[in-house]
Structures are given as C-alpha cells and as structure tokens.
There are 2 protein chains.
Amino acid sequence: MSINSNSHVPIFRQIAEHIRTGISAGIYQPDEMLPSLRALALELVVNPNTIQRAYEELEREGLVYSRRGLGLFVARQAVRSARSQSQDDVEKAFADGIRLARSAGLPDDEIRHVFSKSLARKMDKTGGKS
Amino acid sequence: MSINSNSHVPIFRQIAEHIRTGISAGIYQPDEMLPSLRALALELVVNPNTIQRAYEELEREGLVYSRRGLGLFVARQAVRSARSQSQDDVEKAFADGIRLARSAGLPDDEIRHVFSKSLARKMDKTGGKS
DNA sequence: TATACTGCATTAGTGAACTAGTGCAGTACG
DNA sequence: CGTACTGCACTAGTTCACTAATGCAGTATA
C-alpha cells in the first residue's frame, strides 16, 4: 500500500478508499481485526489521527466497527455496505456529469454516447496532479 | 441570475458556469459585448476581481476574448468551444465514476445499469450544502 | 495492580483556495 | 487633453480542509 502525498486527494481519503477496496475484494474478512491506528500510522509514516479519520469515514459507511481498547473490526455487512456505498458514489459522479451535460444542452443521446466512450477507454489513470 | 454564497461551489465558478450556459444556449451572440467587470460586480454585489476570475476561466476555454479598454466579447467559436468544454467536463465526471466503480469491483453491466438509473431520474437538484 | 496495547478527544499549526481593496494601463469621445 | 469608461496586476485578509502533537480512557494479560 502506497500513499501519494503529491496527489490532490487527501491522504486519509486514499487510505479509506484502499481499505474499502480491500474489504470489497474480500481481503479483510468479517470480524477480522484491522491494523491498529498506530501500527498503520507507523507503516505509512503518517499521524495516527490521519488513519483514524480514514476509519471514521469507513465507520460512517457501516464498513467497520470499533471497540475502544480492542481495535477496529470489519463489519459483517461490510461487503454489502461497501457495494452500496460505492454504488452511491458512482451514482453521484454520474449525476454530476449528467447535470453538467444537461445544463450545456446536450441531448440524452449525446450523453449516452459520451458515457460509452468513457467506458470504452479502460486504461486511464487520470490521477496525479503535481 | 442569483449567486448562492452558502454553496460549497465558489462564486466565480457559479458565475462562469452561468455565462457558459448562456453562451451555449445562444443568449449571448458572437462578438457581442458581455457585461463589464464592474457592472456585473455591482449587480451581483461581489468584487470585480471575482468576476474577472470567472471571465479568465471562460477565456482559457476559448469562450470569450478580451480587449483592454474595450470590454469582453463572446468568441466566434464560442458555442463550439462551450460544447467541447462541456463534453470534456462530462467525460471527466463519468471517468471518475467509472474509476470508482471498477475499483469497487463492479462489473461493466452493473456500471451501465447505475448510469441508466441516474439518467432516468431527470429532475434532481443535488446542489446546496449548508 | 502494573504494563502495554487499543481507540478517541482536544488543540494547534500549515497551506491553499477564495474574495476583496487599491491602483495602473488602455480606449473612445467631446 | 480630460473624462469616463474598459480590463488587468498586485497585495492582503479570511476561511477552511488537512495533518500533526499530545494526553485521556478502555481492555487484556501476567
């Protein structure tokens, strides 16, 4: 797991997305303990608070639950929640695009076309602004 | 034209998008003079610099051109540029969504489904966070 | 109970984005 | 030339998101 400090995406969000992906992919099993705040902070060379912020986000999404003094664990409904959350995010992104397209007067056909075009080009790492 | 100061979207961007929409819709004709910085600033009760920043964005997009001492005018290729620009923005938004969906492991069929779902619900003003 | 782990709350520093204040430079016109 | 408009450049203040430093509170184990 690598953190890109130069990215415009905040660190805590990168971490959250990484773990979210991991849970979604089944790397972390339900009720399994996640790396502790300090352990992960040490590994990634960031402040424990940054890690906590990432975990907070995941907790709000119902992906993990925390036990004070024990640790953080993967929620049972994590995969379901992860999918649901991802779907919401995706939907939101699409809604944004559609809103833009509509306000520009693009007809639905054109919007569909642009979408298909985007979906077609699979390999596109648009991340990383210096 | 109204400005929402409570929105998380910066004022200059709201203005830019409004004018962009206006040009795209044909409200402003090519070579027609746009409201001066101070005039529009007075009308919207903001600083002229904020207006200028909006115009800068539009100029970068090739929508308007400026003549020092004369004013700001709609570019001839404005409509074309506006469409192109909008299409880029839309494409970017879609790409974001697709990227999210992929990293969550959603299959393409599912992605298409979510998109269609978003496109279906036409009226959705998701703006305005306090 | 002492120790060593866990999450959590409070506060502070830093940097970037946004907006505003002010003055300079170019153009048209009487 | 002087006036009144135009865009533009420079500087400063404000706000907010992000990250970090530090200390408190809960839990297991010897």
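Per chain, numbering begins at 1; letters A, B, ... match sequence-line order.
A:Ser81 places a side-chain N or O within 3.5 Å of a backbone atom of A:Gln77 that can act as its donor or acceptor partner.
Phosphate proximity of C:dT6 to A:Arg67: absent, as no side-chain N or O sits under 4.0 Å from OP1 or OP2. In terms of phosphate contacts, B:Arg53 brings a side-chain nitrogen or oxygen within less than 4.0 Å of OP1 or OP2 of C:dC18. Close to C:dC8, at under 4.0 Å from its OP1 or OP2, lies a side-chain N or O of A:Ser66.
For the pair B:Leu58 CG and D:dC8 P, the computed distance is 12 Å after rounding to whole Å. The CD atom of A:Gln14 sits 12 Å away from the P atom of D:dC18 (whole-angstrom rounding). We find that CD of A:Glu57 is positioned 15 Å from C1' of D:dT19, with the value rounded to whole Å. Atom-to-atom, OH of A:Tyr65 to C1' of D:dG26 comes out at 16 Å; the value is rounded to the nearest Å. If you take CZ of B:Arg68 and P of C:dG23, they are 17 Å apart, rounded to a whole angstrom. Here C:dA25 presents its P atom at 18 Å from CG of B:Leu37, a figure rounded to the nearest Å. One can place CD of B:Glu56 at 18 Å from P of D:dT6, the figure rounded to the nearest angstrom. Atom CZ in A:Arg60 sits about 17 Å away from atom P in C:dG7, given to the nearest Å.
Using the six-membered ring where Trp is involved, A:Phe94 and B:Phe115 have ring planes that are perpendicular, over 60° apart on the 30 and 60° scheme.
Mapped onto DNA chain D by nearest heavy atom, B:Ser36 and B:Asn49 fall at different nucleotides, with B:Ser36 at the one closer to the 5' end. Mapping A:Leu70 and A:Ile11 onto DNA chain D by nearest heavy atom places A:Ile11 at the nucleotide closer to the 5' end. Each of B:Arg38 and B:Thr50 has a nearest nucleotide on DNA chain C; the 5'-most of these lies closest to B:Thr50.
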- Message: Is there a side-chain contact (heavy atoms from CB on, under 4.5 Å) between A:Ile51 and A:Leu44? Walk through the geometry before answering.
- Response: CA-CA 9 Å; A:Ile51 308 290; A:Leu44 301 180; 4.2 Å; yes
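Distance check, rounded to the nearest 0.5 Å: CG of B:Leu58 to CD of B:Glu17 gives 10.5 Å.
Heavy atoms of B:Tyr55 sit nowhere under 4.0 angstrom from any nucleic acid atom.
The residue from A:Ile11, A:Val9, A:Ile3 that alone fulfils the side chain to side chain contact (heavy atoms under 4.5 Å, CB included) condition with A:Ser7 is A:Val9.
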